[in-house]
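Okay, structure first, notes after.
Index from 1, following the sequence.
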Amino acid sequence: MGLSLIIVYFKWKYLKTNNEHYNHATHFWMKIFALNFAMGVVTGIPMEFQFGTNWAKFSELTGGIIGQTLAMEGMFSFFLESSFLGIFLFGEKLLGHKWHFVTGLLIMIGSWASGYLIIATHSWMQNPVGYEILENGKFVLTNFKALFLNPWLWPSYLHNQAASLVTSSFVVAGIGAFYILSRKNVSFGKLFLKTGVIFGLISSLVVAVPTGDLLAKNVVKYQPVTFAAMEGIFHTEKKGSEIVLIGQPDVKDKKLDNKIAVPNILSFLTYGNWDQEIQGLDQFEEDLHPTNISGLYYAYHIMVGLGTVFIGLMVLSLFQLIRGKLFETKWLLWSLMFMMPFPYIANTTGWYTAELGRQPWLVYNLMRTASGASPTVSSGNTLFTLLGFIGLYLLLGMLFLLLIGKIINKGPHHVELSTEKI
């Protein structure tokens, strides 16, 4: 999703400057986008089928609500994105550059709308609104507007989109750094590096403030037990809560081992009050605690830690770019290149935080996870299919990396251009 915005930017710059470098860059990154899209379709559709196979009871009871957003995602966003992707890849000669740009813009709108509708589904599971429960236990939507004005939705969506742009920016910057260090396609390397650093710094900051801050405050308001587990607050602190930088949760003894913390900072960041009390896990019944407190704590802190590193690295890179020394600062180039996988890790741990934090609920405070599973699917069948998907996705992942590597190795100069308008 983030890459679609960068592609639109490159095409817009070409229209403004008539510099062929930007058009080459547009085609180069569109090939990578198309490959990502194809892999997303292959891996995403089986995941959606799991609503019917592994989560039949959940689908039966909540289908009247989540079916709305998921159907809209498939019928509108997916078809918009996929239809115009083909036109964008092969229709430049027919369309001309201005309409080619419009097509790219529609692809971006489709991909971002797809993210919005999926996050709308997820947000309803985190903070259910606009519903009624019938006598047979089924959920029905009574307020369509409430579904899309869910206070959980917009902070989550903007946080997710900013995170996707962080990932794309680091990939663009990392490949640019690779071209400069390997001394091939150097002009494109400089263009990619500059673009990735600027987009990367902006998106890294937006992930933290305001979107991350707003999302954390939502967790405090709607899921206080989740927030306590995320931050490792086992016992309520009466005169302000410390923020833990490093520590290992000991769930059995309800404490953090070897912690390094700064007093009262968490209370100030959360409420703007140094002495504000934040509820600890001791204020909630144990059957309401997240089922994997250690996993939730580590996932959250890995995400936040990596986000801090991203901001620091991009600030240094922009500083060197302004000084005109970034392209010669080899340690920064190596850092940007080797940092490419880490936004994927940050995104994954972010989703772990969201999903582990909601446990033991599928629909928060309304349906427990155990109540939504398919009653006729055994744990053995689930494990067998999970292992099968892991093996299949591993093969697809290796194929994906091989194809991406070939595109990067060929470079933008080897992308066929169709610049002549018919």
Side-chain angles (χ1 to χ4, degrees), residues 44 46-74 77 113-134 137-161 163-164 211-212 214-227 229-230 284 287-293 295-296 299-300 303 347-374 382:
M47 290 179 67
E48 204 155 331
F49 277 127
Q50 288 183 48
F51 282 111
T53 56
N54 292 3
W55 300 100
K57 198 65 180 176
F58 170 68
S59 300
E60 177 190 348
L61 297 179
T62 66
I65 296 177
I66 67 168
Q68 308 259 0
T69 48
L70 292 177
M72 289 171 67
E73 190 273 332
S77 305
S114 183
Y116 176 76
L117 292 165
I118 291 171
I119 297 291
T121 310
H122 176 261
S123 297
W124 184 84
M125 294 167 66
Q126 296 282 5
N127 182 48
V129 293
Y131 67 93
E132 180 185 339
I133 303 177
L134 303 179
K138 290 187 177 182
F139 292 74
V140 292
L141 188 63
T142 58
N143 189 336
F144 193 77
K145 182 180 177 181
L147 185 64
F148 291 103
L149 292 178
N150 190 339
W152 196 282
L153 172 54
W154 278 102
S156 298
Y157 174 65
L158 295 175
H159 188 67
N160 184 79
Q161 298 309 101
S164 74
T211 64
L214 289 172
L215 192 50
K217 288 175 179 175
N218 262 347
V219 177
V220 174
K221 182 176 180 180
Y222 298 105
Q223 299 181 9
V225 64
T226 301
F227 188 78
M230 283 164 49
F284 305 92
D287 68 336
L288 298 178
H289 291 186
T291 50
N292 188 349
I293 293 173
L296 173 59
Y300 173 68
M303 176 189 69
N347 275 286
T348 302
T349 52
W351 275 106
Y352 264 68
T353 301
E355 298 306 307
L356 291 176
R358 193 182 64 245
Q359 301 303 312
W361 306 97
L362 264 180
V363 181
Y364 198 74
N365 273 340
L366 294 175
M367 179 188 289
R368 287 188 176 259
T369 303
S371 303
S374 300
T382 303

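In terms of heavy atoms, Ile119 sits closest to Ser156 at CG2-CB, 3.8 Å.
Between the CZ atom of Phe227 and the CG atom of Asn218 there is a distance of 11.5 Å, given to the nearest 0.5 Å. If you take OG1 on Thr349 and CG on Leu356, they are separated by 10.5 Å, rounding to the nearest 0.5 Å. The structure places CG of Leu70 at 5.0 Å from CZ of Phe51, a figure rounded to the nearest 0.5 Å. Atom OG1 of Thr142 and atom CD1 of Ile65 lie 7.5 Å apart (nearest 0.5 Å). The distance from atom OG of Ser114 to atom CE of Met72, rounded to the nearest 0.5 Å, is 11.5 Å. Remark: Leu141 CG to Tyr131 OH distance equals 12.0 Å, nearest 0.5 Å.
Considering only residues two or more places apart in sequence or on other chains, Thr291 meets the side-chain contact (heavy atoms from CB on, under 4.5 Å) condition with Gln359, Pro360. For Glu355, the side-chain contact (heavy atoms from CB on, under 4.5 Å) test picks out His122, Gln126, Trp351, Arg358, with sequence neighbours left out. Residues passing the side-chain contact (heavy atoms from CB on, under 4.5 Å) test with Leu158, sequence neighbours excluded: Trp154, Thr211. Listed by chain and number, the residues in a side chain to side chain donor-acceptor pair (under 3.5 Å) with Ser374 amount to none (sequence neighbours excluded). Residues passing the ring-ring contact (aromatic ring centres under 6.0 Å, His included) test with Phe144, sequence neighbours excluded: Phe148. Partners of Tyr352 according to the ring-ring contact (aromatic ring centres under 6.0 Å, His included) rule, which considers only residues two or more places apart in sequence or in another chain, do not exist here. Applying the side chain to side chain donor-acceptor pair (under 3.5 Å) test to Lys138 and every residue at least two apart in sequence or in another chain returns nothing. Residues that satisfy the ring-ring contact (aromatic ring centres under 6.0 Å, His included) test with Trp124, not counting sequence neighbours, are Phe139. Residues satisfying the side chain to side chain donor-acceptor pair (under 3.5 Å) test with Asn127, not counting sequence neighbours, are Asn150. Qualifying side chain to side chain donor-acceptor pair (under 3.5 Å) partners for Asn347, counting only residues two or more places apart in sequence or in other chains: Thr167. Residues forming a side-chain contact (heavy atoms from CB on, under 4.5 Å) with Val225 (at least two apart in sequence, or on another chain): Leu281, Phe284, His289, Pro290, Tyr364.
Leu149 is not listed as a side-chain neighbour of Asn143, based on a closest heavy-atom distance of 4.5 Å or more. In this structure, the side chains of Ile133 and Met367 stay at 4.5 Å or more apart for every pair of heavy atoms. Contact annotation: the side chain of Tyr116 approaches that of Leu153 to within less than 4.5 Å [non-hydrogen atoms, C-beta and beyond]. Annotation: side chain of Gln223 is not in contact with side chain of Trp361 (no heavy-atom distance under 4.5 Å).
The side-chain hydrogen bond (donor to acceptor under 3.5 Å, both in side chains) analysis of residues 50-71, with sequence neighbours excluded, yields the pairs Thr69-Thr121.
Screening Val220, Ile293, Thr353 against Met230 for a side chain to side chain contact (heavy atoms under 4.5 Å, CB included) leaves a single residue, Thr353.
Although no hydrogens or angles enter the test, the distance criterion places no donor-acceptor pair under 3.5 Å between the side chain of Ser123 and the main chain of Ala120.
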